[in-house]
Asks: 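Okay, handing you the structure first.
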Amino acid sequence: MAKRWYVLNTYSGYEQQVMNNLEARIETMGLQDNVFKIKIPTERVAEIKEGGERIEKDKKVLPGYILVQMELDDRSWAAVRNTPGVTSFVGSGGKPAPLTRDEYNKIMHRTSTKGGVSKTATSFEIGQTVKVVNGPLADFDGTITEINAEAGKVKVLVSILGRETPVELAFSKIAKI
């Protein structure tokens with residue numbers, strides 16, 4: 001029987017706990033020769049908070065899912081399926097479907113950023129009304145029309161003397177209203 005990667009559905013937010021439960025269950029049931037690896041795919045993202053503060057953190061690529069490399073037989077399938085927090089295997093007709101090599105590579109490619117940050121996330125959204133908090137346009141309100149998260153900047157339409165004027169501002173220069 002071949003080692004294959006399977007996807008397990010878990011309660012969202014409990015992936016780490018399910019992984020720990022599964023590792024303990026594998027050890028107590030002596031299934032180390034059937035279940036080989038367990039992964040929670042994550043990617044490194046930079047989040048820009050209000051005030052322009054940049055925080056790097058790991059974010060789950062597939063929230064509510066974990067990957068398990070195993071040789072699927074009745075014993076390993078029952079042990080994994082009955083682990084607390086596992087809701088099901090991903091598959092059709094109640095039968096677990098292994099990932100193809102291409103599917104596995106696509107998922108894992110997102111997790112390997114080679115030491116860098118793969119994405120920048122921000123809490124600002126296009127169409128959101130914001131207040132300029134410092135600089136020459138302080139206390140003006142405007143609407144975000146464009147976001148460049150990597151550069152930490154937004155384009156805001158600010159009404160100056162009755163005219164909508166596009167202005168590029170750093171995240172640190174604006175605040176949500």
Side-chain angles (χ1 to χ4, degrees), residues 1-50 52-128 144-155 171:
M1 196 156 258
K3 291 183 197 179
R4 304 290 299 267
W5 283 98
Y6 295 88
V7 181
L8 300 178
N9 185 247
T10 68
Y11 297 117
S12 189
Y14 290 88
E15 298 86 356
Q16 187 63 50
Q17 185 177 345
V18 171
M19 184 172 149
N20 295 343
N21 290 343
L22 188 53
E23 287 170 342
R25 193 170 174 91
I26 290 163
E27 189 157 332
T28 59
M29 296 181 79
L31 291 171
Q32 296 89 334
D33 292 337
N34 296 80
V35 182
F36 305 101
K37 294 179 186 170
I38 305 166
K39 293 185 178 184
I40 302 171
T42 59
E43 62 185 339
R44 197 84 177 139
V45 297
E47 205 170 273
I48 310 294
K49 298 287 187 184
E50 271 188 64
E53 182 183 1
R54 183 181 175 101
I55 299 170
E56 288 186 16
K57 65 181 190 175
D58 288 326
K59 181 179 176 190
K60 292 177 186 81
V61 173
L62 302 168
Y65 295 92
I66 61 176
L67 305 181
V68 178
Q69 185 186 40
M70 59 190 282
E71 288 180 358
L72 190 66
D73 60 19
D74 290 339
R75 197 165 157 245
S76 63
W77 181 68
V80 172
R81 184 189 57 179
N82 294 318
T83 299
V86 173
T87 57
S88 64
F89 274 88
V90 172
S92 60
K95 185 176 182 231
L99 289 174
T100 64
R101 179 168 295 284
D102 190 43
E103 291 168 331
Y104 175 79
N105 289 341
K106 281 181 183 175
I107 292 168
M108 297 315 290
H109 176 73
R110 287 184 61 187
T111 69
S112 60
T113 58
K114 297 176 181 56
V117 174
S118 63
K119 275 199 229 173
T120 302
T122 177
S123 59
F124 295 114
E125 298 174 7
I126 292 177
Q128 183 176 27
I144 296 175
T145 59
E146 194 176 308
I147 300 173
N148 184 345
E150 280 70 32
K153 296 184 180 226
V154 292
K155 277 199 181 160
F171 288 155

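One-based numbering along the sequence shown.
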Asks: Do Phe89 and Val7 make a side-chain contact, defined as non-hydrogen atoms from C-beta onward lying under 4.5 Å apart?
Replies: no
Asks: More than 12 foreign heavy atoms under 6.0 Å from CG of Asn82: is that the case here?
Replies: yes
Asks: Could you grab the distance from atom CZ of Arg101 to atom CZ of Arg4, nearest 0.5 Å is fine?
Replies: 9.5 Å
Asks: Which heavy atom of Leu31 sits nearest a heavy atom of Ser76, and at what distance?
Replies: CD1-CA, 4.3 Å
Asks: Can you tell me how far CG of Asn21 sits from CD of Gln16, rounded to the nearest 0.5 angstrom?
Replies: 10.5 Å
Asks: Would you compute the distance between atom CD of Gln69 and atom OH of Tyr104 and round it to the nearest 0.5 angstrom?
Replies: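 Gln69 atom CD to Tyr104 atom OH measures 7.0 Å (nearest 0.5 Å).
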Asks: Count the heavy atoms belonging to other residues, nucleotides or ligands that lie under 6.0 Å from CZ of Phe36, then report whether that count exceeds 12.
Replies: yes
Asks: Between Asp58 (side chain) and Thr42 (backbone), is there a donor-acceptor pair under 3.5 Å?
Replies: no
Asks: Grab the two heavy atoms, one from Met19 and one from Ile38, that are nearest each other, plus how far apart they are.
Replies: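 Shortest heavy-atom separation between Met19 and Ile38 comes out as CG-CG2, 3.5 Å.
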Asks: Can a donor-acceptor pair be found, under 3.5 Å and without considering hydrogens, that links the side chain of Thr10 to the backbone of Gly85?
Replies: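 No, because the side chain of Thr10 does not come within donor-acceptor range (under 3.5 Å) of the backbone of Gly85.
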Asks: Taking the side chain as every heavy atom from C-beta outward, state whether Val90 and Tyr6 have any atom pair closer than 4.5 Å.
Replies: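 The answer is no, as the side chains (C-beta and beyond) never meet within the 4.5 Å cut-off.
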Asks: Compare every heavy atom of Pro98 with every heavy atom of Pro96, then report the nearest pair and how far apart it is.
Replies: O-CD, 3.9 Å
Asks: Give, for atom CG of Leu62 and atom CG of Asn9, the distance between the pair rounded to the nearest 0.5 Å.
Replies: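 If I round to the nearest 0.5 Å, the distance is 10.5 Å.
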Asks: Is the number of heavy atoms from other residues, nucleotides or ligands within 6.0 Å of OH (Tyr14) greater than 12?
Replies: no
Asks: Taking all atoms of both residues into account, what is the closest heavy-atom pair of Pro84 and Val18, and its distance?
Replies: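 Heavy atoms only, the tightest pair is O-CG2, 3.9 Å.
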Asks: Report the distance from atom OG1 of Thr83 to atom CZ of Arg25, rounding to the nearest 0.5 Å.
Replies: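 If I round to the nearest 0.5 Å, the distance is 4.5 Å.
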Asks: Exactly one of Lys60, Lys59, Lys39 should register a salt bridge (Lys or Arg N to Asp or Glu O under 4.0 Å) with Glu15. Which one does?
Replies: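 Option passing the salt bridge (Lys or Arg N to Asp or Glu O under 4.0 Å) with Glu15: Lys60.
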Asks: What distance do Gln128 atom CD and Ile147 atom CD1 have between them, rounded to the nearest 0.5 Å?
Replies: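 Output value for this atom pair is 7.5 Å.
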Asks: Do Val80 and Leu8 touch side chain to side chain, with heavy atoms closer than 4.5 Å?
Replies: yes
Asks: Just wondering, are more than 12 heavy atoms of other shown residues or ligands nearer than 6.0 Å to CD in Glu27?
Replies: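 No, CD of Glu27 has 12 or fewer neighbouring heavy atoms, counting only those of other groups under 6.0 Å.
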